[in-house]
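In what follows, chains carry the letters A, B, and so on, assigned in the order in which the sequence lines appear, proteins first and then strands, with residues in each chain numbered from 1.
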2 protein chains.
Amino acid sequence: MLSGCTVQELVDRVAGKWSVCILVAAADGPIRFTELERAISGISRRMLTLTLRNLERDGMLVRTVYPTVPPRVEYSLTPMALELHAALLAITTWAERHRTDVALAREHYDARPTP
Amino acid sequence: MLSGCTVQELVDRVAGKWSVCILVAAADGPIRFTELERAISGISRRMLTLTLRNLERDGMLVRTVYPTVPPRVEYSLTPMALELHAALLAITTWAERHRTDVALAREHYDARPTP
DNA sequence: CAGCATCCGGCCAGATACTG
DNA sequence: CAGTATCTGGCCGGATGCTG
């Protein structure tokens with residue numbers, strides 16, 4: 001039991017590029033498919049769909065369909081996902097504080113005399 | 001400037017599967033190449049080397065070579081990486097607390113009547 | 001011990017076209 | 001609007017062999 005659900009695999013899943021973006025974008029309340037597509041620059045429709053399905057399957061997203069025309073679908077974070085979002089904030093905050101440091105470190109590394 | 005160093009790219013880099021493992025493994029002090037190899041189950045020598053190089057280039061790891069025979073190389077986290085490690089702890093703690101929830105959500109999702 | 005070089009197969013993700 | 005289906009190519013990463 002719990003196969004495919006080690007801590008490593010789970011971190012891997014939720015820390016995935018598009019997963020993070022979706023979790024951040026949906027943190028402020030329910031959001032629609034097209035809104036997500038616009039909010040997350042660079043994501044393809046395919047990857048958006050696949051990532052949404054995975055997050056929904058993992059119990060991170062609730063998918064609500066309003067039977068109107070045109071159809072309207074909203075995604076919202078579950079409590080579990082909200083907790084994760086708080087933890088992710090620590091990472092993104094760190095990234096913002098240190099992106100110049102990292103850029104400088106790279107320049108420095110690349111400028112070394114090639115051994 | 002700062003090209004290739006957006007917050008998204010940076011999160012992507014440091015949240016990578018093997019990066020996380022290395023950051024965790026090296027958090028308790030300097031660690032040798034072979035020790036990392038043993039500590040991180042499933043990693044290949046190639047990926048260990050590549051990930052170490054990237055983390056070093058990004059200023060997250062300091063690589064110390066002791067000119068002995070046989071050679072001895074130790075990797076230790078920089079202050080910046082230690083901060084990141086603390087943030088990563090929030091994620092792994094979350095993952096530990098919720099892995100059963102996620103596993104159950106998956107079972108439930110997979111057991112739905114296929115539409 | 002701690003790597004690097006090379007080859008190669010698999011799968012991940014983009015592009016495109018179609019639908020309830 | 002919110003998807004699904006199929007094809008396809010690129011690159012990621014494993015396997016292997018060689019060195020200071």
For this session: Output the residues of residues 12-19 of chain B in contact with DNA chain D, where contact means a heavy atom of the residue under 4.0 Å from an atom of the strand; sort by number or write none.
Result: none
Problem set entry | side-chain hydrogen bond (donor to acceptor under 3.5 Å, both in side chains) between Glu9(A) and Thr6(A), intermediate numbers included | CA-CA 5 Å; Glu9(A) 285 165 331; Thr6(A) 67; 3.2 Å; yes
Exercise. Any salt bridge (charged side-chain N to carboxylate O under 4.0 Å, His left out) pairs touching residues 11-30 of chain B, not counting sequence neighbours?
Worked result: Arg13(B)-Asp58(B)
For this session: Write down the atom of Thr51(B), the atom of Met47(B), and the distance for their closest heavy-atom approach.
Result: OG1-O, 2.6 Å
Problem set entry | Members of residues 27-41 of chain A that approach DNA chain D, where some heavy atom sits under 4.0 Å away | Arg32(A), Phe33(A), Thr34(A)
For this session: Show your reasoning for whether side-chain contact (heavy atoms from CB on, under 4.5 Å) applies to Met80(B) and Val102(A).
Result: CA-CA 9 Å; Met80(B) 175 170 68; Val102(A) 171; 4.1 Å; yes
Seminar exercise, completed: Here the salt bridge (charged side-chain N to carboxylate O under 4.0 Å, His left out) pairs for residues 29-50 of chain B, sequence neighbours left out, are Glu37(B)-Arg45(B)
Exercise. Sequence neighbours excluded, which residues qualify as side-chain contact (heavy atoms from CB on, under 4.5 Å) partners of Val69(A)?
Worked result: none
Seminar exercise, completed: Sorted by chain and residue number, the ring pair (Phe, Tyr, Trp, His ring centres under 6.0 Å) partners of Trp18(A) (sequence neighbours excluded) come out as none
Exercise. Would you call Arg53(A) and Arg63(A) a side-chain contact if the rule is heavy atoms closer than 4.5 Å?
Worked result: yes
Seminar exercise, completed: Its 5'-most and 3'-most nucleotides having an atom under 4.0 Å from a non-hydrogen atom of chain B, DNA chain D is contacted over dG13(D) to dG20(D)
Seminar exercise, completed: Residue set satisfying side chain to side chain donor-acceptor pair (under 3.5 Å) with Arg72(B), at least two apart, ordered chain then number -> Glu74(B)
Exercise. Tell me, which of residues 43-69 of chain B have any heavy atom that sits under 4.0 Å from an atom in DNA chain D?
Worked result: Ser44(B), Arg46(B), Met47(B)
Pairs under 3.5 angstrom only: tabulate donor-acceptor contacts from the side chains of residues 83-90 of chain B to other protein residues two or more places apart or in another chain.
unit_1	atom_1	unit_2	atom_2	d
Glu83(B)	OE1	Arg97(A)	NH2	3.0
Glu83(B)	OE1	His98(A)	NE2	3.0

Problem set entry | With Ala81(A) via side-chain contact (heavy atoms from CB on, under 4.5 Å) - residues at least two apart | Leu23(A), Met60(A), Leu77(A), Thr78(A)
Exercise. Any ring pair (Phe, Tyr, Trp, His ring centres under 6.0 Å) pairs touching residues 28-83 of chain B, not counting sequence neighbours?
Worked result: none
